[in-house]
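One structure is given here, and the rest of the page talks about it.
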Amino acid sequence: MKLTNLSAEPTGKLHSWLPTDLEAEEVVFLPDACPGKSPLPTGTAVLTHQPDWRRFAVSDCGCGMRLLRSGLAPGELDQRRWDAVADRLRRNRGRLGDLGGGNHFLDALEPYDDGPLSFLVHTGSRNESGHVDDLVGSPDRFDAEFDRNVDWACDNRAAVHDALEAEFGPLELVLDLPHNTYERLADGGAVIRKGSVRVEPGDLTVLPSHMAGDVALVRATAAVAGTLDSMSHGTGRSMSRADCKPLAEQYDFAALRARGLLPTGLADASLRTDGPFAYRDLDDCLRLIDGYVETVARYAVVGYMGHL
Ligand SMILES: Nc1nc2c(ncn2[C@@H]2O[C@H](COP(=O)(O)O)[C@@H](O)[C@H]2O)c(=O)[nH]1
């Protein structure tokens, strides 16, 4: 098996994160590589011809990110308007336009170069995703259900987009990319992407870090031919949710609130497992993919919501 390691983790450790029954020709580990609850670790792209490869492609199918550019000057965002968006999303609970839990989030972004605010939406396919699990032995039904999930997740991001437009007016769609998908190959194999997006040279993608960290809009170069046309979907976790507790207890949430808007009523306790201390640094990750992407724009997070 060819293993390409663009992460900061030692290669031996990465091997231990792969399922022992995975038969892959190639595995790419991106800077956001981290183990999770899914069969494959996050931040990976896997080329396989294993007949039952679909069992490695389950979990939060179609989860992805949508980047939107507004016509708003940064000063036009305030607590009242951020709360109004949060209330709209809360009213969507259980249906399209529900941000969901975990580290699904909506950020307001201010560019470092002068310019209008942008918004970054990160949501998945919510409970829909579990429906593929029982279909791994029925490829046609699995593929149809997976596609339905990917479409549902995209519609979910579109519904969050609608909620933002209801408050802020028209928003330009910069990109919408799922990061838990697979690409079927003509020869029966597949490239499975878990926490990684499909990009071709020239394509834009977005790299967020955490609720208090910068976000980069990047363009893929020709070098992505060497990463199975794949790129990271963020900086990735540096620790598991279970390990966050001691750091969360010491974290200065008041300083976080002073730097950016959080919806009224969102308790510090809700952010314990997904706070800034749980994720890697953006510049560290950008250094690891130098040559594979070029930074087009960089933003500070000036508003966060999640765990609504
Ligand atoms: N700008 C923000 N980035 C965040 C936040 N929470 C996590 N992250 C980054 O996004 C991805 C999300 O990944 P997933 O594994 O849950 O699909 C992750 O790699 C982080 O680097 C946030 O609140 N704001």
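Just follow the structure's listing: the first ligand is 1, and inside any ligand the first atom is 1.
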Legend entry - Least distance between heavy atoms, L175 atom then T205 atom: CD2-CA, 3.8 Å

Legend entry - Distance-only side-chain donor-acceptor flag, Y112 / D214, under 3.5 Å: yes

Inset, instruction - For T235, counting its heavy atoms only, list the atoms of ligand 1 lying under 4.0 Å from any of them. - result: 19 (O), 21 (O)

Inset, instruction - Write out the residue and atom name of the closest protein heavy atom to atom 11 (C) of ligand 1, then the distance separating them to 0.1 Å. - result: M65 CE, 3.9 Å

Legend entry - Proximity to ligand 1 by part of M211, non-hydrogen separation under 4.0 Å: both

Inset, instruction - Taking only heavy atoms of D107 into account, list the atoms of ligand 1 that are under 4.0 Å away from them. - result: 1 (N), 2 (C), 24 (N)

Legend entry - Contact partition for R237 relative to ligand 1, non-hydrogen atoms under 4.0 Å: neither

Inset, instruction - May I ask you to test the R198-V191 pair for a side-chain heavy-atom distance under 4.5 Å? - result: no

Legend entry - Backbone N/O of L266 and side chain of H307: donor-acceptor pair under 3.5 Å: no

Inset, instruction - Measure the distances from the heavy atoms of G195 to every atom of ligand 1 and state whether one is below 4.0 angstrom. - result: no

Legend entry - Heavy-atom pair of closest approach, residues E200 and V224: C-CG2, 4.1 Å

Legend entry - Proximal ligand 1 atoms for Y304, defined as those under 4.0 Å from one of its heavy atoms: 23 (O)

Legend entry - R90 atom CZ: more than 12 heavy-atom contacts under 6.0 Å: yes

Legend entry - Contact with ligand 1 for V215, non-hydrogen, under 4.0 angstrom: yes

Legend entry - Any D32 heavy atom less than 4.0 Å from ligand 1: no

Inset, instruction - Give a yes/no on ligand 1: does H179 have at least one heavy atom closer than 4.0 angstrom to it? - result: yes

Inset, instruction - Answer with yes or no whether G306 contacts ligand 1, where contact means a heavy atom under 4.0 Å from a ligand atom. - result: no

Legend entry - Heavy-atom nearest neighbour in the protein, as seen from atom 12 (C) of ligand 1, with distance rounded to 0.1 Å: H122 CE1, 3.4 Å

Inset, instruction - Find out if a path of hydrophobic residues (ILVMFWY) with successive side-chain heavy-atom gaps under 4.5 Å connects V197 to L286. - result: yes

Legend entry - No-hydrogen, no-angle side-chain donor-acceptor test under 3.5 Å, S59 and S38: yes

Legend entry - Closest protein heavy atom to atom 4 (C) of ligand 1, given as residue, atom name and distance to 0.1 Å: F105 CE2, 3.3 Å

Legend entry - Contacting atoms of ligand 1, where contact means under 4.0 angstrom from a heavy atom of S209: 3 (N), 4 (C), 8 (N), 9 (C), 20 (C), 21 (O)

Inset, instruction - Would you mind checking which non-hydrogen protein atom is closest to atom 7 (C) of ligand 1, with the distance to 0.1 Å? - result: Y279 CZ, 3.5 Å

Legend entry - Protein heavy-atom partner closest to atom 10 (O) of ligand 1 - residue, atom, separation in Å: P208 CG, 3.5 Å

Inset, instruction - Can you pull out the closest protein heavy atom to atom 19 (O) of ligand 1? Residue, atom name and distance to 0.1 Å, please. - result: G236 N, 2.9 Å

Inset, instruction - Considering non-hydrogen atoms only, spot the tightest contact between G306 and L99 and give its length. - result: CA-CD2, 4.2 Å

Legend entry - Aromatic ring proximity F168/F119, centre distance under 6.0 Å: yes

Legend entry - Donor-acceptor contact present, side-chain N156 to main-chain L96, <3.5 Å: no

Inset, instruction - Identify the two heavy atoms, one from D187 and one from H49, that lie closest to each other, and give their separation to 0.1 Å. - result: OD2-NE2, 2.7 Å

Inset, instruction - Answer with yes or no whether H104 contacts ligand 1, where contact means a heavy atom under 4.0 Å from a ligand atom. - result: no

Inset, instruction - Report the nearest protein non-hydrogen atom to atom 15 (O) of ligand 1: residue, atom name, distance rounded to 0.1 Å. - result: H233 NE2, 2.9 Å

